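Hydrogens, waters and symmetry mates are skipped; everything else that's a heavy atom, side chains included, is used. None of the values given here were measured: they were computed from a predicted structure.
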Amino acid sequence: MSIEPTSLQPLIRVLEKSGYAQFSAPGDRHGSWEWPFFRTSKDLTRFVTLAATPVDSHGTLEVELWVGAQAADQKSIRKLVHARRISSEDLLGAVGDLTKQTEQAVCQAGALRNADLIPSPLSPDDGYRLSAGRSPRLARR
């Protein structure tokens, strides 16, 4: 699957006006085409990610917008805020709606606070200690 990033320019403008920068080039990640953007503030790094995943052999895509945030202490959150199935041929026609959804995603990402975050499974806060060369199951105390 290939999506031309220039066709999504209205979404990019919304993200850039809101202080988001491209985290990595758009591309295939685990079977989905993804394009992540981030914005760093004093306490959190916030994310907005556009993803498109083929769902059948007829060119239908599951287009999603995800928001998230991460703190320096490795707490984080990731939430699906929009999903829509469209034909890959209709992607250009859906850019207007996706742009509106991106504006809402930016607001939702901006509303995330440190209190919304949860510890990552292997953070020091979860009570597990891992030692080199031992499996996580053996290292639990």
task: Dump the intermediate steps for side chain to side chain donor-acceptor pair (under 3.5 Å) on Thr99 and Asp97, then the final yes or no.
output: CA-CA 5 Å; Thr99 301; Asp97 180 56; over 6 Å; no
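Trp66 has its side chain out of reach of His82: every pair of non-hydrogen atoms, C-beta onward, lies at least 4.5 Å apart. By the 4.5 Å heavy-atom criterion applied to side chains, Thr102 and Leu15 are counted as neighbours. Side-chain atoms of Val55 and Leu61, non-hydrogen and from C-beta on, never get closer than 4.5 Å to each other. Contact check for Arg46 versus Tyr20: side-chain heavy atoms found under the 4.5 Å cut-off. Here the side chains of Phe37 and Leu50 are not in contact, with every heavy-atom distance at 4.5 Å or above. Within the 4.5 Å cutoff, side-chain heavy atoms of Ser18 are placed close to those of Val106. Annotation: side chain of Phe23 is in contact with side chain of Phe38 (closest heavy-atom distance under 4.5 Å). The side-chain heavy atoms of Leu65 and Leu80, taken from C-beta on, include no pair separated by under 4.5 Å.
Atom CD in Gln70 sits 12.5 Å away from atom CZ in Arg78 (nearest 0.5 Å). Here Asp116 contributes atom CG and Lys75 contributes atom NZ; the two are 11.5 Å apart, rounded to the nearest 0.5 Å. The distance from the CD atom of Gln104 to the CD atom of Gln108 is 6.5 Å, given to the nearest 0.5 Å. Atom CZ of Arg39 is separated from atom CG of Leu44 by 9.5 Å, given to the nearest 0.5 angstrom. If you take CG on Leu112 and OG on Ser76, they are separated by 11.0 Å, rounding to the nearest 0.5 Å.
Each salt bridge (Lys or Arg N to Asp or Glu O under 4.0 Å) pair with one or both residues in residues 47-64, not counting sequence neighbours, appears once here: Glu62-Arg85.
Linking Ile, Leu, Val, Met, Phe, Trp and Tyr whenever their side-chain heavy atoms come within less than 4.5 Å puts Val14 and Val48 in one cluster. Both Ile12 and Val95 are part of a single hydrophobic cluster, where members link through side-chain heavy atoms under 4.5 Å apart. In terms of hydrophobic clustering, with Ile, Leu, Val, Met, Phe, Trp and Tyr side chains grouped at heavy-atom distances under 4.5 Å, Leu11 and Trp33 are assigned to a common cluster.
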